[in-house]
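First the structure, in the form of structure tokens, and then the observations on it.
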Amino acid sequence: MKNRELAMIFEKIADCLEFKGESQFRIIAYRRAARAMQDLAEDVEELLKQNKLKDIAGIGAATAEKIEEYLATGTMQRYEEARKAVPDGLVEMMRIPGMGPKTVKLLYDKLKINSVADLEAAVKEGRMKGLRGFGPKKLENILRGISLMKTAGKRIRLGVALPLVESIIDALRTKVPVAQCLPAGSLRRMRETIGDIDILATGVNGPEIVNAFTKLPQVRYVLAEGDTKGSVITGEGLQVDLRVVAEESYGAALQYFTGSKDHNIRLREIARKKHLKVNEYGVFRGEKSIAGKTEEEVYKILGLDWVPPVLREDRGEIDAAREGRLPAIVEQSDIQGDLHVHSKWSDGKATIERMVLAAKEMGYKYVAITDHSYSTTIAKGLTVERLHKQIEEIEKLRKKIHGIEILTSTEMDIKPDGSLDFPDDVLEELDVVTASVHSAFKQDRSRLTARVLAAAENPNVDIIAHLTGRLIGEREPYDIDVEAVMKKAADTGTAIEVNAQWERLDIDDVNCRRAVDLGVNLVISTDSHNPSHLQYMRFGIATAQRGWAAKENVMNTRSISGLREWLSRAHVGAAR
DNA sequence: GCCGTTTTCGGCCCGACTGTTTTCAGTCG
């Protein structure tokens, strides 16, 4: 799959064009094309074969031709030219916070500075002396930018970012009176990783709030401090931006500060066509504010339904909002049970009883105990004999704990040769069966895919868990043909899991959207190894929402009888 | 370079903050 390669190439072309000072619009067009490639769940080669490249939003005649050229020849003329014209060092220099194309170009033209290392040396040797626009503060900022780029700049995962932002907001509230204070940006959109943290506050005294913010103990550097906006770097090297607005602008500011950038640009284009203007203070006709107190009225005045933050990625949600066909996305309150929970029997940290009681506490109507099978030796996987003992224990617990159904289950290993740990007659004894890959990740694409396809075809397998095996920022997805597995799952009724552990979020939002389009059944489960993990359901829900999943798409929104109906139907589907 | 419920050509989102400069360009989100 060449989608990612193409995304990188278009991004690089945009960088080079930016350096050369070409039209902003052309640069934006290339960046948009890059993102279109990034967001594409289907294989770009497949779309080329079907002659559908130009159906992708952001891909026009020129970029389609370049994609075709690259897929046919392995090179792209435009890319080769751009790389030759702009040394790699210059592109890297543009990544330094505070350094843009103009500054880099000027230093290259005047002083022949062409790398980050050379830039650092030049500042320290005083080579910029007398150069217009390079005062002492500017030089200081360049050095700081270089050190920031070295130490920071890494995206952090949602599960790490959320507690961090909560601690910052709590600290701010103790220092200064603020009416509203909440996370915006990619955090509010629940993206799987967060580049920087955005916080929106309302209050009458902007400068005082911003000042208190810049003096918080978490702050290492202050990047900017104005009347309504502050920007800092925390001890962890993470950038946090605070924006303060008046109460009457709350909705418009929240909308603006939640983004995404591309979503907002679309909104402003719509406004412009209606001879309106949208900014963070409201929606304006001429000088007059006509909306802004709530997000709902901002969207409404533009002729759109309110768009849930998780959908604001410019992935078709604007058109859907205009046409009244936004999905009724699945909500936490729809979830009736968790179908992926471990206990002490394998690598979980708590007894079955504690896990079940914690699930009941969540308000669930059922929970499946999915301990590992014996091939996963590192996790003390269960043999057939131990599985039978576990079933006996569950039967006892059923008599003891009421108000929640305990489902017998397994997270069974799909072995390297595609066979399964348990024979069919054992699987038939279980209420629900999950299968997943825990070994031989490095197998080639065809073997790995065949292995999972075989599991999905087994009528006794109900769910495929963490399909791609990725660990965000740690381990790449296995080389598996996700599209082929999904098509098989759509055919057999086998569900694909949205794993809610924030290190995994597997499948991701883009693949989830594709699954929904293909009519694949989903489950959202936490893969809990202790009772507190059950809370991670919110991350799984957010991922499914970002994938446009509705309640109907998600099997564990069903009542226990509805769930059992699907479990039996899945088997019929596979048998045909 | 993309795109069309005013357009197939002529548009293309909008404002805050900084640093250094005497009125604004560059950068960022």
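Just so you know, these numbers come straight off a predicted model, no measurement behind them. Residue numbering restarts at 1 for every chain, and letters A, B, ... go by the order of the sequence lines.
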When you measure from the side chain of [X] to the backbone of [Y], do you find a donor-acceptor pair of N or O atoms at a distance under 3.5 Å?
X: A:Arg312; Y: A:Val307; answer: yes
X: A:Asn279; Y: A:Gly282; answer: yes
X: A:Asn499; Y: A:Asp506; answer: no
X: A:Thr73; Y: A:Glu69; answer: yes
X: A:Asn114; Y: A:Gly89; answer: no

Point to revise | Nearest heavy-atom neighbours spanning A:Val498 and A:Leu522 | key: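 Heavy atoms of A:Val498 and A:Leu522 come nearest at CG2-CD2, 4.5 Å.
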
Could you work out the separation of [N] and [M] based on their [atom1] atoms and round it to a whole Å?
N: B:dC2; M: B:dC13; atom1: P; value: 16 Å
N: B:dT8; M: B:dC3; atom1: C1'; value: 9 Å
N: B:dG11; M: B:dT6; atom1: C1'; value: 13 Å
N: B:dT21; M: B:dG26; atom1: P; value: 14 Å
N: B:dG19; M: B:dC12; atom1: C1'; value: 30 Å
N: B:dA25; M: B:dT20; atom1: C1'; value: 10 Å
N: B:dT18; M: B:dT7; atom1: P; value: 44 Å

At under 4.0 Å between heavy atoms, what does [X] touch on the DNA or RNA strands: base, sugar-phosphate, or nothing?
X: A:Ile27; result: nothing
X: A:Ile270; result: nothing
X: A:Gly58; result: sugar-phosphate
X: A:Arg266; result: nothing
X: A:Asp227; result: sugar-phosphate
X: A:Lys102; result: sugar-phosphate

For [X] and [N], give me the distance from atom [atom1] to atom [atom2], rounded to whole Å.
X: A:Ile318; N: B:dC3; atom1: CD1; atom2: P; value: 15 Å
X: A:Lys20; N: B:dG1; atom1: NZ; atom2: P; value: 11 Å
X: A:His275; N: B:dC14; atom1: NE2; atom2: P; value: 13 Å
X: A:Arg272; N: B:dG4; atom1: CZ; atom2: C1'; value: 15 Å
X: A:Met94; N: B:dC28; atom1: CE; atom2: P; value: 10 Å
X: A:Lys105; N: B:dT27; atom1: NZ; atom2: P; value: 13 Å
X: A:Glu269; N: B:dT5; atom1: CD; atom2: P; value: 12 Å
X: A:Gln255; N: B:dG15; atom1: CD; atom2: P; value: 14 Å

Please tell me if [X] has a side-chain N or O lying less than 4.0 Å from either OP1 or OP2 of [N].
X: A:Thr63; N: B:dC2; value: yes
X: A:Lys277; N: B:dG15; value: yes
X: A:Tyr256; N: B:dA16; value: no
X: A:Thr103; N: B:dT27; value: yes
X: A:Arg26; N: B:dC2; value: no
X: A:Asn279; N: B:dG15; value: yes
X: A:Arg132; N: B:dA25; value: no
X: A:Gln239; N: B:dC28; value: no

Would you mind telling me which of [options] lies closest to the side-chain atoms of [X]?
X: A:Tyr30; options: B:dG1, B:dA16, B:dC13; result: B:dG1
X: A:Glu225; options: B:dC14, B:dC17, B:dT18; result: B:dT18
X: A:Thr228; options: B:dG15, B:dC2, B:dC17; result: B:dC17
X: A:Arg243; options: B:dA16, B:dT27, B:dG1; result: B:dA16
X: A:Glu280; options: B:dG1, B:dA16, B:dT27; result: B:dA16
X: A:Arg268; options: B:dG26, B:dC14, B:dT6; result: B:dC14
X: A:Phe25; options: B:dC14, B:dC13, B:dT27; result: B:dC13

Exercise for review: Step by step, work out the salt bridge (charged side-chain N to carboxylate O under 4.0 Å, His left out) result for A:Glu45 and A:Lys49.
Suggested key: CA-CA 6 Å; A:Glu45 294 193 74; A:Lys49 269 185 220 156; over 6 Å; no

Point to revise | Crowding at CZ, A:Arg173 (>12 non-hydrogen neighbours, <6.0 Å) | key: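 Yes, CZ of A:Arg173 has more than 12 neighbouring heavy atoms, counting only those of other groups under 6.0 Å.
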
Exercise for review: Count the heavy atoms belonging to other residues, nucleotides or ligands that lie under 6.0 Å from CZ of A:Arg445, then report whether that count exceeds 12.
Suggested key: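 Counting neighbours around CZ of A:Arg445, more than 12 heavy atoms of other residues, nucleotides or ligands fall under 6.0 Å, so yes.
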
**Study point:** Residues from residues 135-146 of chain A lying under 4.0 Å of DNA chain B - heavy atoms
**Key:**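 Contacting residues: A:Gly135, A:Pro136, A:Lys137, A:Lys138, A:Asn141.
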
Practice item. Map A:Phe257 and A:Ala271 onto DNA chain B by nearest heavy atom, then report which one ends up closer to the 5' terminus. Key: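 Per heavy-atom nearest nucleotide, the more 5' residue is A:Ala271.
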
Contact list (N/O, under 3.5 angstrom) for nucleotides 7-10 of chain B vs protein:
none

**Study point:** A:Glu65/A:Arg78 ion pair, N-O < 4.0 Å
**Key:**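 Salt bridge flag = no for A:Arg78 with A:Glu65.
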
**Study point:** A:Arg322/A:Asp319 ion pair, N-O < 4.0 Å
**Key:**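 Yes, charged N to carboxylate O under 4.0 Å.
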
Review point. Would A:Glu280 and A:Ser249 count as a side-chain hydrogen bond (donor to acceptor under 3.5 Å, both in side chains) if you check the C-alpha gap in whole Å, the side-chain angles of each, and the deciding distance to 0.1 Å?
Key: CA-CA 7 Å; A:Glu280 56 265 56; A:Ser249 295; over 6 Å; no

Exercise for review: From the options A:Arg470, A:Arg157, A:Arg155, select the one residue that forms a salt bridge (charged side-chain N to carboxylate O under 4.0 Å, His left out) with A:Glu192.
Suggested key: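 Testing each of A:Arg470, A:Arg157, A:Arg155 against A:Glu192, the sole residue satisfying salt bridge (charged side-chain N to carboxylate O under 4.0 Å, His left out) is A:Arg470.
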
Check your understanding: Does B:dT8 pair with anything, Watson-Crick or G-U wobble, both distances under 3.5 Å, and if so, with which nucleotide?
Key ->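 Its partner is none (no Watson-Crick or G-U wobble pair with both distances under 3.5 Å).
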
